[in-house]
2 protein chains.
Amino acid sequence: MSISTASKALNNTGRMGDETRERVKRAAADIGFRPNALAKGLLSNRTFTIGLLTNDTYGRFTLPVMAGITEALVDHGVSVFLCTIEDDPALGKVHVDAMLDKHVDGIIASGKRIDRRLPVDLSNLPVPVIYAFTEGAPGSVTFCADDYQGAALAAEWLQGLGRRRIAHVTGPESFVSVRERAKAYRDLAGDGLPVMYGTWSEAWGHDAVAQLWSVTGAKPDAIFCGNDQIARAVVDALRERGVRVPEDVSVVGFDNWEIVAAQTRPPLTTVDMNLKALGREAGLTVLALAEGRSVEPGIRTLPCELIVRQSCGGSPGR
Amino acid sequence: MSISTASKALNNTGRMGDETRERVKRAAADIGFRPNALAKGLLSNRTFTIGLLTNDTYGRFTLPVMAGITEALVDHGVSVFLCTIEDDPALGKVHVDAMLDKHVDGIIASGKRIDRRLPVDLSNLPVPVIYAFTEGAPGSVTFCADDYQGAALAAEWLQGLGRRRIAHVTGPESFVSVRERAKAYRDLAGDGLPVMYGTWSEAWGHDAVAQLWSVTGAKPDAIFCGNDQIARAVVDALRERGVRVPEDVSVVGFDNWEIVAAQTRPPLTTVDMNLKALGREAGLTVLALAEGRSVEPGIRTLPCELIVRQSCGGSPGR
DNA sequence: TCAACTAGAGAAAAGCTTTTCTCAAAAATT
DNA sequence: AATTTTTGAGAAAAGCTTTTCTCTAGTTGA
């Protein structure tokens with residue numbers, strides 16, 4: 001039995017007797033034969049391997065993205081190198097070089113905010129690069145969540161519940177996401193209340209509540225928070241003041257970070273950016289590029305989703 | 001110029017004139033030549049690639065371990081496939097098969113508790129397997145944190161601060177880690193107070209405080225918690241009751257999960273399991289095995305470390 | 001001046017698959 | 001029965017490096 005015949009039998013290519021083909025397959029199964037992906041890759045220029053580059057050390061955003069990528073690609077036999085670079089250009093280069101040496105089929109760059117680049121040059125690489133939840137190079141394919149739509153979802157939900165004096169306590173104005181969310185808030189629910197910019201910390205959530213409740217006059221009946229950590233602190237601060245959530249004030253978070261949103265009392269109604277779906281899209285896109293299919297460049301915005309828990313009142317159906 | 005001469009020049013092997021060697025190197029640098037790792041791997045049976053298998057979807061434990069592995073191995077040119085399998089044996093097999101096809105140099109299995117196996121058979125694999133923060137097969141190399149020592153660290157710290165009535169609020173007794181920590185607590189500080197087993201949730205932390213403060217008589221002057229989430233809830237519950245932390249009661253957590261420990265008010269003094277160091281050791285060990293060096297099998301226990309913040313009083317120097 | 005070495009460079013094989021080409025034998029056609 | 005066609009299988013090359021072996025030309029010593 002020649003090697004080439006065996007190869008053809010296993011790949012269902014070439015022409016040969018059914019009996020021979022079956023015999024080869026059985027024998028291969030018997031000895032537990034596994035084709036060497038290295039040899040295959042050497043020949044086909046496909047390694048069924050991609051690299052995921054990120055500077056999100058905690059994995060807050062990258063892990064869901066990664067889960068999506070893996071979910072989409074595992075069926076295609078693709079494995080993922082995860083490379084965490086801590087805003088260190090040298091480390092970034094080392095990892096990218098290692099990935100290129102290993103002939104990854106493509107690279108997905110990810111991060112922790114959509115208006116910052118990774119500290120590494122990914123232009124003119126011999127493999128396709130796509131960006132997910134990080135700023136992409138001009139002319140590249142970039143996936144990100146629709147902050148405006150997500151914030152609108154929150155604002156509309158609060159209004160649908162009858163809330164009229166809605167405050168917005170959010171992160172630093174330097175973030176594009178913050179500005180987008182604030183814009184949606186102002187367009188839909190910003191009736192006179194100024195947006196309160198701060199930091200992404202619980203401390204800021206406490207502070208903000210203190211500020212809101214220190215002034216005389218009507219208090220907000222809802223607070224839309226820039227992320228779940230702020231929302232959690234807001235809920236805690238309100239409770240400490242004897243303000244009931246959700247009876248007196250509804251609170252909405254952003255991110256749907258289970259670990260925070262579900263542990264808050266009451267659990268947070270919050271906006272989910274669908275990072276897993278984003279990862280899936282990114283994975284399928286990089287695969288398409290790796291296979292030579294052409295993909296329209298540009299920024300693809302994926303819709304957010306409102307996860308209804310108990311911090312607003314209302315129920316999933318409204 | 002022949003290919004073999006070039007190869008020898010670049011690898012500093014063979015004998016040839018210095019001038020020739022330099023010329024080759026310069027030319028290689030000029031055209032940006034990168035040796036193909038696939039071809040190299042085909043020949044040497046080393047791919048400089050390892051797989052990290054885990055069922056810890058949130059990455060709470062796996063990400064620090066991964067960071068350690070990467071840190072230790074990136075200098076050796078090793079890249080890491082991260083495969084998250086959600087307690088799904090079929091998915092596990094798919095990932096392991098994909099890794100074997102790609103001829104990883106080794107596999108590190110990790111998880112979210114040290115007394116559970118991953119739902120996938122890693123025995124009799126053609127590559128070395130080592131276990132980090134998950135239960136290993138008999139005769140394997142396993143790394144884990146020293147729960148007893150870590151808990152002892154906490155207990156001794158509290159005693160050193162003059163605390164005498166120390167309570168222990170922890171997770172489910174079914175966890176080996178819980179039992180180990182409770183043992184250390186009882187050996188060192190369990191003067192009559194029963195260990196309070198519960199769940200790994202903030203709700204349980206609140207409950208436990210309610211229980212402790214509902215009985216008449218002397219209250220604890222310190223609470224050693226089984227993880228940071230419980231500790232956080234304990235601190236919150238105490239504050240809500242008007243009990244001052246750390247003046248009236250000292251609280252110690254476990255895990256040093258920054259996201260929780262640092263956001264708690266006051267920030268938590270807590271036990272760090274040094275998962276990054278654990279990852280480093282695991283990485284170096286799997287590399288050693290891949291290189292054919294022999295490694296003593298058994299369970300390697302790495303010491304924990306106390307991270308002093310403000311929930312106990314005291315200062316890093318005591 | 002000739003023999004024996006040595007230095008430097010190239011040729012070839014190995015590692016594992018897939019694919020294309022070739023070839024022999026069997027089947028079908030005239 | 002002879003020729004063409006089809007079928008099944010093997011040989012060889014390609015993909016990229018490294019390593020071992022071979023060979024030529026130049027050098028050294030007698």
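Excluded from the calculations below are hydrogen atoms, water molecules and symmetry mates; all remaining heavy atoms, backbone and side chain alike, are included. Not measured: the values here are computed from a predicted model. Residue numbers begin at 1 in each chain, while the letters A, B, ... track the order of the sequences.
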> Between B:Met16 and B:Leu43, just flag the one whose closest nucleotide in DNA chain C comes earlier from the 5' side.
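Looking at DNA chain C, the more 5' nearest nucleotide goes with B:Met16.
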> Is A:Ser4 side chain donor-acceptor paired with the D:dA11 base, going by distance under 3.5 Å alone?
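Side chain to base: pair present.
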> What's the CZ-P distance between B:Arg46 and C:dA14, to the nearest Å?
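Roughly 24 Å, once rounded to whole Å.
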> How many Å lie between CG on A:Leu100 and C1' on D:dC16, as a whole number?
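Distance, rounded to whole Å: 17 Å.
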> In whole angstroms, how far is the C1' atom of C:dG15 from the CG atom of B:Leu38?
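The distance from CG of B:Leu38 to C1' of C:dG15 comes to 12 Å, rounded to the nearest Å.
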> When all nucleic acid strands are considered with a 4.0 Å heavy-atom cut-off, which category describes B:Asn45: base, sugar-phosphate, or nothing?
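If one applies the 4.0 Å heavy-atom cut-off, B:Asn45 turns out to touch nothing in the nucleic acid.
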> Taking the ring of B:Phe81 and the ring of A:Phe81, is the distance between their centroids below 6.0 Å?
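Yes: the rings meet the under 6.0 Å criterion.
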> State plainly whether the residues B:Asp30 and B:Arg26 are in salt-bridge range, i.e. N to O under 4.0 Å.
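Salt bridge flag = no for B:Arg26 with B:Asp30.
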> Side-chain N or O of A:Thr20 less than 4.0 angstrom from OP1 or OP2 on D:dA9?
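Yes, A:Thr20 has a side-chain N/O under 4.0 Å of OP1/OP2 on D:dA9.
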> Is the closest basic N to carboxylate O distance between B:Glu135 and B:Arg117 below 4.0 Å?
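Salt bridge flag = yes for B:Arg117 with B:Glu135.
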> Would you indicate whether the side-chain heavy atoms of A:Val295 and A:Arg300 approach each other to under 4.5 Å?
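In short, these two side chains touch, coming nearer than 4.5 Å.
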> Rounding to an integer number of Å, can you tell me how far A:Ile3 CD1 sits from C:dT19 P?
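Rounded to the whole Å, the gap is 15 Å.
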> Just N and O in the side chain of B:Thr5: are any of them under 4.0 Å from OP1 or OP2 of C:dA9?
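For B:Thr5, the contact criterion (side-chain N or O under 4.0 Å from OP1 or OP2 of C:dA9) is not met.
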> Return the value, rounded to whole Å, for the distance between atom CG of A:Leu42 and atom C1' of D:dC16.
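Rounded to whole Å, this separation is 5 Å.
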> Less than 4.0 angstrom from a charged side-chain N to a carboxylate O is my criterion; do A:Arg34 and B:Asp97 meet it?
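Salt bridge present between A:Arg34 and B:Asp97.
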> Does a side-chain N or O of A:Arg15 approach OP1 or OP2 of D:dG8 to a distance below 4.0 Å, or not?
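False: A:Arg15 side-chain N/O out of range (4.0 Å or more) of D:dG8 OP1/OP2.
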> Respond yes when some side-chain nitrogen or oxygen of A:Ser7 is under 4.0 Å from OP1 or OP2 of C:dT17, and no when none is.
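Answer no for this pair, as no side-chain N or O of A:Ser7 is under 4.0 Å from OP1 or OP2.
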> Mind calculating the distance between NE2 (B:His103) and P (C:dG15) to the nearest angstrom?
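Distance, rounded to whole Å: 14 Å.
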> Which part of the nucleic acid, if any, lies within contact of A:Arg21, taking any heavy atom under 4.0 Å across all strands shown: a base, the sugar-phosphate backbone alone, or nothing?
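Counting heavy atoms under 4.0 Å across all strands, no contact is made by A:Arg21.
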> Would you say the base of C:dG10 and the side-chain of B:Lys8 have a donor-acceptor pair closer than 3.5 Å?
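Pair found.
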> Over how many whole Å does the gap from A:Arg34 atom CZ to C:dT17 atom P extend?
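The answer, rounded to whole Å, is 11 Å.
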> Under 4.0 Å between any heavy atoms, over every strand shown, what does B:Ser44 touch: base, sugar-phosphate, or nothing? Just pick one.
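The answer is nothing, as B:Ser44 stays clear of every strand by at least 4.0 Å.
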> Could you give the CG-to-C1' distance, from A:Asp101 to D:dT18, as a whole number of Å?
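In whole Å, D:dT18 C1' and A:Asp101 CG are 16 Å from each other.
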